[in-house]
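Protein chains get the first letters and strands the later ones, always in sequence-line order, with residue 1 at the start of each. The structure displayed is predicted, hence computed values, not measured ones.
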Amino acid sequence: MKLFSERFYRAMEAKEQWREEQRRLPFEEKLRLLDAFLAEEGIFKDPRKEGQEEEEGRDAVGSSG
Amino acid sequence: MQCPSCHSSYWRSPVRRDPRGGLNRFVNLFSILNRMRDEGVIRDWVLFGAVAFLYYEEWRPTRDTDVVVAVGAEADYDQLVRPYLRTFGPERPEGVFTILGLPLQVIPHTDSEMFPGMVRDARLDTVSGERVKIASPEYLVVSALARFSARDIERAVQLLPLLDGRKLLSLVRRHDADGRLRKNLNTLRRRAGFSL
């Protein structure tokens with residue numbers, strides 16, 4: 001038996017090809033993908049809302065004491 | 001005015017939609033940085049770090065967006081740049097601003113003896129009509145040699161085919177006060193099996 005099958009080598013080659021295609025994407029397209037990734041990750045938060053939540057949290061702590 | 005996408009009240013840039021209908025925050029970010037340059041808040045700016053690396057290599061996710069800004073005087077960073085960027089959102093931790101909901105690390109060019117040259121020699125490109133400067137591969141590799149984490153090594157190896165070897169060696173000689181850059185470059189040469 002071979003160390004790796006022909007199918008395995010084909011899969012590796014396809015992956016390399018995919019990486020090369022990704023490398024050749026226009027910068028704008030790469031940024032669009034990154035934008036979508038960050039949106040999915042919930043990176044884009046409203047900083048004002050975030051501040052309000054912190055204040056509300058502090059108020060809640062204050063009122064309980 | 002609220003951003004139609006992230007609903008941030010700090011959003012104040014003109015809406016720029018990409019042809020597929022999505023709002024690309026990066027293009028708007030470049031617009032803000034170019035406006036800062038036009039208004040004299042900064043002299044210039046250049047993409048650095050993971051997003052600069054994206055320019056040359058395959059797309060991969062990152063949460064880090066780093067920009068080096070060239071300022072007129074060292075005090076300008078505290079007196080002009082930081083107050084300007086704080087109008088978009090909070091600064092936390094120090095030097096990380098929230099622009100259009102995007103965490104952006106803004107580094108003054110005075111933070112490294114290498115940065116003035118990096119800004120000067122950066123690649124110039126246009127994204128959706130916005131002027132963008134990107135750190136050249138040689139400067140990205142020098143910064144990778146300085147930190148030399150596993151990720152830095154991987155990135156440096158990927159940039160090798162794009163390098164101007166003489167330019168890289170010249171940068172290493174110029175900025176290698178403690179011999180670390182040369183030592184790490186030799187390690188990289190052995191590991192990746194390349195010569196300059």
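- With hydrogens and angles ignored, the 3.5 Å screen pairs a side-chain donor or acceptor of A:Asp35 with a backbone N or O of B:Arg25.
- When each of B:Tyr55, B:Tyr56, B:Trp59 is paired with A:Phe27, the ring pair (Phe, Tyr, Trp, His ring centres under 6.0 Å) condition holds for B:Tyr55 and for no other.
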Item to check | side chain to side chain contact (heavy atoms under 4.5 Å, CB included) assessment of B:Glu57 paired with A:Lys30 | outcome: CA-CA 10 Å; B:Glu57 273 304 325; A:Lys30 292 176 184 174; 5.8 Å; no

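- Within a 6.0 Å radius of CD in A:Gln17, no more than 12 heavy atoms belonging to other residues, nucleotides or ligands are found.
- The heavy-atom pair separating A:Leu31 from B:Val127 by the smallest distance is CD1-CG1, 4.3 Å.
- Using a 4.5 Å cut-off between heavy atoms, B:Leu47 contacts chain A through its side chain alone, with no backbone atom that close.
- Interface remark: A:Glu41 contributes side-chain atoms only to the contact with chain B (heavy atom separation under 4.5 Å).
- At most 12 non-hydrogen atoms from other residues, nucleotides or ligands lie less than 6.0 angstrom from CD of B:Glu74.
- Taking a 6.0 Å sphere around CD of B:Glu39, one finds it holds more than 12 heavy atoms contributed by other residues, nucleotides or ligands.
- A single hydrophobic cluster is seen to contain both B:Trp45 and B:Met114, as judged by linkage of ILVMFWY side chains at heavy-atom distances under 4.5 Å, directly or through other members.
- When the side chains of ILVMFWY residues are joined at heavy-atom separations under 4.5 Å, either directly or via intervening members, B:Val41 and B:Val96 end up in two distinct hydrophobic clusters.
- The choice from B:Thr62, B:Val132, B:Asp125 that makes the most heavy-atom pairs within less than 4.5 Å of chain A is B:Thr62.
- Within 6.0 Å of CZ on B:Arg189 lie more than 12 heavy atoms contributed by other residues, nucleotides or ligands.
- Evaluated for a side chain to side chain donor-acceptor pair (under 3.5 Å) with B:Glu58, the options A:Gln22, A:Arg23, A:Arg19 yield exactly one hit, A:Arg19.
- Counting heavy-atom pairs closer than 4.5 Å to chain A, the top residue among B:Thr65, B:Ile134, B:Leu54, B:Val51 is B:Leu54.
- For a residue to count as touching a neighbouring chain, one of its non-hydrogen atoms must lie under 4.5 Å from one of that chain's; by this rule A:Leu34 touches chain B with backbone and side chain alike.
- Looking at B:Phe30, the atoms closer than 4.5 Å to chain A (heavy atoms on both sides) all sit in the side chain, from C-beta outward.
- Side-chain heavy atoms closer than 4.5 Å link hydrophobic residues (I, L, V, M, F, W, Y) into clusters, and following such links, possibly through other members, connects B:Val141 to B:Leu162.
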